[in-house]
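First up is the structure itself, then whatever we jot down about it.
The sequence lines fix the lettering, A, B, ..., with proteins before strands; numbering per chain opens at 1.
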Amino acid sequence: MHNIKNIRNNLDEFKSKIQSRNMDINIEEIVSLDKENRTLIQKKENLEKEKKDISKSKDKSLFEKSKKISIELDSLAKEQSLIKKKLDKILSSIPNIPMGDVPIGKDETFNKEINKFGSIPKFDFNARSHYEIGEKLNMLDFNLATKTTGSRFVFVKDKLAALERAISNFMIDVHTQTNGYKEISPPLMASDDSMYGTGQLPKFENDQFEVKLDEKNDRKFLIPTAEVILTNMARDQILNIKDLPMRLVAATPCFRKEAGSYGKDTKGMIRQHQFYKVELVSIVENDKCEEELNRMTNCATMILDKLKLPYRKIILSTGDMGFSAEKTYDIEVWLPSEKKYREISSCSSCGTFQATRMKARYKNKSNETTFVGTLNGSGLAVGRTLIAILENYQNSDGSVSIPDVLKPYMNNLDKISNN
RNA sequence: GGAAGGAUGGCUGAGCGGUUGAAAGCACCGGUCUUGAAAACCGGCAAAGGGGCAACUCUUUCCUGGGUUCGAAUCCCAGUCCUUCCGCCA
């Protein structure tokens, strides 16, 4: 959510920054709504003052007048709130302003690679895809999921299910024991307000799974990422500066409709309606976002380093960033079957954008109440990590070796094979 | 699902029709004292919004939404959430 005052003072700059995000805004409408709103507020406040004075005076001769003012005030207040709602609706649909060093471009082709790490494995046989490997092992079953549930779901079975769990536990342990995150096991559903706070609503309602709790209008949403629920822990709060930074980690299932991605990644478990993800969230002093983003990105890549998986780090362009982000680094892991890098983590700073929406504040060094900075990143997507391990650690006989750091989590098993 | 109680500032907690934006304590910030710290003492300290270059000033807000009244944190109605007891249950 943008502060209308800031927009007012930097009209042209605001407009061009938003345009760089593939969005054309009607700045004139915003300006005129804002002006109208303020005029009405002034009128309203004058009447309120008059009314207040009368009631303070306790002068009975003025009581009739006060009644009349109430009536006038009533319609004025309705008019003003209507205008304000209209303005808020527009403002809440405008994405965050990118930071200065974010590459400008309309889509992902403008993303910039920053660097590559790890060595790409060389196979003396044709590298199989994760779903070929998994199905051959009888440990990934897409057909069964189609039967019980539908497309874009999967059964993970046997040793692969254990591996999935091991990955999750390993990541959580690294983040809690060496990276200073506090583990949270949160609700997997979020309220309207929470979804609005992190930016999923109102604009992206179609991507969310809605859950009806009763016949009335009480609804919840399955979380598309733990970011929603972890970040909203700070909603409607004024935090003490001593409590910052707040670093949280959770391993949760995530649910996404993936509307608009028909035909994309239909094979395999790259893109599912449900997947596990280990999520990192930081709530920080708002001038420490950039520093924290770098730290968080390193926490994510640390996992890939430990798993010895090859990856690269890229910075997303203005056109490819998420709605709430001001700067995003994606971490992409190498997939031998596709011979390319695929996203396995996305770390974003949202600045004060989400905090403004959810009124998450703290008292800064000068004792002023101000919005916190919020950041979120995957550390990492568990399903895709599983994929990366299957493909990068595959052997010619169809078995899959287990990365050293995961062996303690797998009863010291060396590799997963058919027998 | 039945029965009762509750929701007030960052926190605890008074107020229960009229300068109450709200006592008190804690926390926090500034100062005195101290070699330094603590303690003690003094002072400050809600948020959002409007107007003003500024000093400053005005409005709104005591869970939410209605209502009564010249005037509501305080009275009435509806809703949400929480706590305790009973029932049911992973």
Rounded to the Å, how far apart are [X] [atom1] and [N] [atom2]?
X	N	atom1	atom2	answer
A/R235	B/C63	CZ	P	18 Å
A/K60	B/G18	NZ	P	15 Å
A/D236	B/U8	CG	P	14 Å
A/D53	B/U60	CG	P	10 Å
A/R219	B/U80	CZ	P	17 Å
A/F371	B/A47	CZ	P	12 Å
A/K220	B/C81	NZ	C1'	10 Å
A/I54	B/U19	CD1	C1'	17 Å

Under the rule for side-chain hydrogen bond (donor to acceptor under 3.5 Å, both in side chains), what residues qualify as partners of A/S348, not counting sequence neighbours?
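With neighbours one apart ignored, the set is A/T328.
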Look at [X] together with [Y] and state whether they make a salt bridge at an N to O cut-off of under 4.0 Å.
X	Y	value
A/R342	A/E338	yes
A/K365	A/E285	yes
A/D404	A/K407	yes
A/R128	A/E391	no

Span that lies between the [atom1] atom of [M] and that of [N], in whole angstrom:
N	M	atom1	value
B/A47	B/C53	P	24 Å
B/G9	B/A23	P	12 Å
B/C33	B/A37	P	12 Å
B/G87	B/C75	P	34 Å
B/G18	B/A24	C1'	23 Å
B/A48	B/C85	P	39 Å
B/C62	B/A73	P	6 Å
B/A14	B/G6	P	12 Å

Could you tell me which residues satisfy salt bridge (Lys or Arg N to Asp or Glu O under 4.0 Å) with [X], sequence neighbours excluded, listed by chain and number?
X	result
A/K157	A/D141
A/E205	A/R219
A/D74	A/K78
A/K17	none

Will you find, in the side chains of A/D24 and A/Q19, an N or O donor that is under 3.5 Å from an N or O acceptor?
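The criterion, which ignores hydrogens and geometry beyond distance, is satisfied for A/Q19 and A/D24.
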Looking only at the side chains, is there a donor atom on one of A/T369 and A/K363 sitting less than 3.5 Å from an acceptor on the other?
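Looking only at side-chain atoms, A/K363 and A/T369 do form a donor-acceptor pair, the distance falling under 3.5 Å.
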Looking for any heavy atom pair under 4.0 Å, which part of the strands does A/K5 touch: base, sugar-phosphate only, or nothing?
sugar-phosphate
NA contact type, A/L62, heavy-atom cut-off 4.0 Å: base, sugar-phosphate, or nothing?
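If one applies the 4.0 Å heavy-atom cut-off, A/L62 turns out to touch nothing in the nucleic acid.
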Any residue of residues 37-49 of chain A with a heavy atom less than 4.0 Å from an atom of RNA chain B:
A/R38, A/I41, A/Q42, A/E45, A/E48, A/K49
Do the ring planes of A/H273 and A/F153 sit parallel (below 30°), tilted (30 to 60°) or perpendicular (above 60°)?
tilted
Polar-atom pairs under 3.5 Å, protein N or O versus N or O of nucleotides 27-31 of chain B: list them with distances, or write none.
unit_1 : atom_1 : unit_2 : atom_2 : d
B/C28  : OP1    : A/K242 : NZ     : 3.4
B/C28  : O2'    : A/N367 : OD1    : 3.3

Across nucleotides 71-77 of chain B, 5' to 3', mark each nucleotide with B, S or - according to how protein heavy atoms within less than 4.0 Å reach it.
S------
Go nucleotide by nucleotide along RNA chain B from the 5' end; which of A/K67 and A/Q237 gets its closest nucleotide reached first?
A/Q237
B/U19 phosphate, OP1 or OP2, under 4.0 Å from A/K52 side-chain N/O:
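Checking A/K52 against B/U19: no side-chain N or O falls below 4.0 Å of OP1 or OP2.
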Not counting sequence neighbours, list each pair that qualifies as a side chain to side chain donor-acceptor pair (under 3.5 Å) and has a residue in residues 90-105 of chain A.
A/D101-A/K327
Test item: A/K306 and A/F170 side chains (from C-beta on) under 4.5 Å apart, heavy atoms
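A/K306 vs A/F170: side chains touch.
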In the structure I gave you, are the side-chain heavy atoms of A/V333 and A/R384 within less than 4.5 Å of one another anywhere?
no
So which protein N/O to nucleotides 64-67 of chain B N/O distances come out below 3.5 Å?
none

Please tabulate, for the side chains in residues 236-249 of chain A, all donor-acceptor contacts under 3.5 angstrom to protein atoms that are two or more places apart in sequence or on a different chain.
unit_1 : atom_1 : unit_2 : atom_2 : d
A/N240 : OD1    : A/K242 : N      : 3.0
A/R247 : NE     : A/E292 : OE2    : 2.8
A/R247 : NH2    : A/E292 : OE1    : 2.8

A/R361 side chain, from C-beta outward: closest of B/G18, B/A48, B/U60:
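Selected nucleotide: B/A48.
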Determine, for A/F209 and A/R256, whether the Lys NZ or Arg CZ falls below 6.0 Å from the six-membered ring centre while staying within 45 degrees of the axis.
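Cation-pi check for A/R256 and A/F209: fails.
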So what stems show up for RNA chain B if we need 3 or more Watson-Crick or G-U pairs in a row, all under 3.5 Å?
B:1-7 with B:80-86, B:10-12 with B:24-26, B:28-32 with B:40-44, B:46-51 with B:56-61, B:63-67 with B:75-79
Could you pull out the closest heavy-atom pair between A/P224 and A/Q200, with the gap in Å?
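Heavy atoms of A/P224 and A/Q200 come nearest at CG-CG, 4.0 Å.
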